Number of protein chains: 2
Amino acid sequence: MSSDAAQATPKYYLLKTEVLGLMAGLHPGTLIPTERALAEKYATSRTTVRQAISELVAEGKLGRIQGHGTFVAPPKVTHVRQLTSFSDDARTQGLRPDSTLLSLNVMGSDAEVSAHLGVDYGKPVTRLERIRLIEGEPLAHEIAWLPGKLPRFKSNLAKAGSLYAVLTEVYGIRIADVEDTVETALAGPDDVRLLGIEMGAPLLVVHRLARDASGAPVEWTRSAFRGDRFRFVSRVKSGI
Amino acid sequence: MSSDAAQATPKYYLLKTEVLGLMAGLHPGTLIPTERALAEKYATSRTTVRQAISELVAEGKLGRIQGHGTFVAPPKVTHVRQLTSFSDDARTQGLRPDSTLLSLNVMGSDAEVSAHLGVDYGKPVTRLERIRLIEGEPLAHEIAWLPGKLPRFKSNLAKAGSLYAVLTEVYGIRIADVEDTVETALAGPDDVRLLGIEMGAPLLVVHRLARDASGAPVEWTRSAFRGDRFRFVSRVKSGI
DNA sequence: GGTCAACATTGGCATAGACCAATGCCGTTG
DNA sequence: CAACGGCATTGGTCTATGCCAATGTTGACC
């Protein structure tokens, strides 16, 4: 109420957060309050409530049935599939890829990063945040976490450009195993700011965990690609 | 209750089609009429116009700038990437995959299919339309086109289950090269009906072109996966 | 006991209008 | 001429409200 920044975020987005709070701990299938009830509770209109709920439905967090109600959605199914790299092969199409460094620092790992990198909670990890561009247009927001601290990482990265090139050539870290997760999400305020898209735009969110030959995690990355401008094309030679 | 299907399509969806018509032939960047103008022209409210336009924006067909206007968006960028198969590896996770046959017939190829399969326009192609399910839940709508006509295809497919298994084991067609395109889209009436999702829900749309060792197209497929329930996970062992 | 019609409830669609925020134009002003 | 300030235009958010469509329950009726 007091902060002016609150005015920056639309009401329906704040309401989204409120509803997410309501959902915490509820089992899938549990009905949440009706749209009319939420409108009254949060002193807003049903239209605004519907805008908030619609996005949560689009994200797969809620479901709704006309005449019945709105309920907590079951968790996503996971589909396994083989694929390989993610590096800058835009060049093979004659496109000009680039990246902007937003931040690069060493920090204490949070719970999520710890879990993925197999690092103790609070121990140092390197955090690399970049914007990926193609033909000068921002197409993806990427945050990579690496275990520990790499000496002279910033200058080495600036020289080589490619993260994988630096890891291999300078630090002798070879990636032997990669696991990608691809799913859709909707753009929030950060994505809007960094990618120049609009609230609620669909995103392709890719989480990548890379390991070395010993199976030790080397990198964990979260990439958000603009769904409206992006298209993956992949080729492979082999059976089935 | 046979068919009053007339007013089944909502007004904002019809308006979407209208606006798409307006856009035809316009260069990227060209401004379309303002929301207020469209509301008047089509005798509707600005709210309805905004719902239609918002979906077109989410699909990447339009862009808009506050204080300036709404314009035709530039075409999507394409990113090349390597990956492999798409077949039923859900089992590796202990999930139960299944598919429902919606239709299977031989028809004259349309322009789009001709282009991809390298078949003359109007020549016979086999069209296979299925719903993919995991754990009994519909997750994807898939239409596959194969060049020509395959004898006893229906019964062979029923026996084997897997399309690739039939092609290989019965017809001796081996797939040597595959090209996938992944992008986001929003659910339209067909997707809503077949997948039980709601209008405007985000989808992962995959187009696949498979070739044999000689480079001849063997299969062209369009798959629409529910973005709210689906997640790809891929593993691979190898460099970068 | 089973059937069916009526009704209340809930989400789905649409209207009309208000005010805010960003943009761009234009005229005034220094 | 350049810089600034107003102002109209356009999209962004929100309100208040109405009716439709699907669902589920209740209760009369056979």
Side-chain angles (χ1 to χ4, degrees), chain A residues 4-19 29-58 62-73 186-189 192-193 196-201, chain B residues 1 3-16 18-19 29-58 62-73 187-189 192-193 196-201:
Chain A
D4 286 339
Q7 170 184 3
T9 355
K11 195 170 195 171
Y12 77 87
Y13 196 82
L14 297 175
L15 188 56
K16 247 178 98 168
T17 313
E18 287 294 324
V19 174
T30 310
L31 291 176
I32 68 169
T34 67
E35 296 177 352
R36 287 165 178 89
L38 287 171
E40 190 178 4
K41 177 171 179 184
Y42 293 102
T44 184
S45 69
R46 208 184 134 209
T47 311
T48 303
V49 171
R50 275 186 68 79
Q51 187 171 2
I53 289 188
S54 294
E55 294 203 354
L56 290 171
V57 170
L62 289 177
R64 50 185 173 188
I65 301 173
Q66 185 177 151
H68 183 66
T70 305
F71 55 89
V72 179
L186 299 186
V192 167
R193 182 170 46 85
I197 54 182
E198 68 174 40
M199 293 286 294
Chain B
M1 39 203 79
S3 55
D4 291 60
Q7 68 177 46
T9 3
K11 194 171 196 173
Y12 78 88
Y13 196 82
L14 297 174
L15 188 56
K16 247 178 98 168
E18 287 294 324
V19 174
T30 310
L31 292 176
I32 67 168
T34 69
E35 296 176 352
R36 287 166 178 88
L38 287 171
E40 189 179 4
K41 178 171 179 183
Y42 293 102
T44 184
S45 69
R46 204 182 139 211
T47 312
T48 303
V49 171
R50 275 186 67 78
Q51 187 170 1
I53 289 188
S54 296
E55 294 203 353
L56 290 171
V57 170
L62 288 177
R64 50 186 173 188
I65 300 174
Q66 185 178 151
H68 183 66
T70 306
F71 55 89
V72 179
V192 167
R193 182 170 44 86
I197 55 183
E198 67 174 42
M199 293 286 293

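Being a predicted model, the structure only gives us computed values, none of them experimental. Quick note: numbers below take in every heavy atom, side chains included, and nothing from hydrogens, waters or symmetry partners. Below, chain A is the first sequence line, B the second, and so on; all start at residue 1.
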Sorted by number, the residues of residues 38-49 of chain B with heavy-atom contact under 4.0 Å to DNA chain D: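 B/R46 - these, ordered by number, are the residues of the stretch whose heavy atoms sit under 4.0 Å from the strand.
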Please report the distance, rounded to the nearest Å, between [atom1] in [X] and [atom2] in [N].
X     : N      : atom1 : atom2 : value
B/Y13 : C/dG12 : OH    : P     : 17 Å
A/L14 : D/dT13 : CG    : P     : 12 Å
B/Q66 : D/dT9  : CD    : C1'   : 11 Å
A/L31 : C/dT9  : CG    : P     : 16 Å
A/I32 : C/dG11 : CD1   : C1'   : 12 Å
A/L15 : D/dT13 : CG    : P     : 14 Å
A/E35 : C/dC13 : CD    : C1'   : 11 Å

Considering only side-chain heavy atoms of A/R50, which listed nucleotide, D/dG11, C/dC13, C/dT10, is closest?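 In terms of side-chain proximity for A/R50, the closest of D/dG11, C/dC13, C/dT10 is C/dC13.
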Can you tell me which nucleotide in C/dA14, C/dA22, D/dG24 comes closest to the side chain of A/H68?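 Taking heavy atoms from C-beta onward, the closest nucleotide is D/dG24.
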What are the two closest non-hydrogen atoms of A/G63 and A/A73, and how far apart are they?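 Between these two residues, the closest heavy atoms are N-CB, 4.2 Å.
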Would you name the heavy atoms of B/F71 and B/G29 that are closest together and state the gap between them?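 That closest heavy-atom pairing would be CB-O, 3.6 Å.
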Name all residues meeting the side chain to side chain contact (heavy atoms under 4.5 Å, CB included) criterion together with [X]; count only those two or more places apart in sequence or in a different chain, and write none if there are none.
X     : answer
A/E18 : A/L15, A/Y42
B/E35 : B/R46, B/V49, B/R50, B/I53, B/R64
A/T47 : A/S45

Contact nearer the 5' end of DNA chain D, comparing A/K11 with A/G67: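 The residue whose closest nucleotide sits nearer the 5' end is A/K11.
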Nearest-nucleotide 5' precedence on DNA chain D, A/R36 against B/I65: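 The 5'-side residue here is B/I65.
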Once rounded to the nearest 0.5 Å, what's the spacing between atom OG1 of B/T48 and atom NZ of B/K16?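 Separation between the atoms: 14.0 Å.
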Taking B/E40's backbone N and O only, do any of them form a donor-acceptor pair with B/T44's side chain (distance below 3.5 Å, no angle check)?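 No: the side chain of B/T44 does not pair with the backbone of B/E40.
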Under 3.5 Å, is there any donor-acceptor pair linking the side chain of B/R64 to the base of D/dG12?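 Check fails, no donor-acceptor contact within cut-off.
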Between A/Y13 and A/Q51, does the side-chain contact (heavy atoms from CB on, under 4.5 Å) criterion hold? Intermediate values first, please. CA-CA 9 Å; A/Y13 196 82; A/Q51 187 171 2; over 6 Å; no
Measure all distances between protein nitrogen or oxygen atoms and nitrogen or oxygen atoms of nucleotides 6-8 of chain D, and list the pairs falling under 3.5 Å.
none

Bend angle of the helix from C/dG1-D/dC30 to C/dG30-D/dC1, end axes from five pairs each (to 10°):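 About 0° separates the two local helix axes.
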Does a side-chain heavy-atom distance below 4.5 Å link B/L31 with B/T70?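 B/L31 does not reach B/T70 side chain to side chain.
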Would you check if A/V19 and A/L56 make a side-chain contact, meaning some heavy-atom pair closer than 4.5 Å?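 They are in side-chain contact.
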Looking only at side-chain N and O atoms, does A/T70 come under 4.0 Å of OP1 or OP2 in C/dG11?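 So the side chain of A/T70 is within the cut-off, an N or O lying under 4.0 Å from OP1 or OP2 of C/dG11.
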Is the distance from OP1 or OP2 of D/dT9 to the nearest side-chain N or O of B/T34 less than 4.0 Å?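 Negative; the distance criterion is not met.
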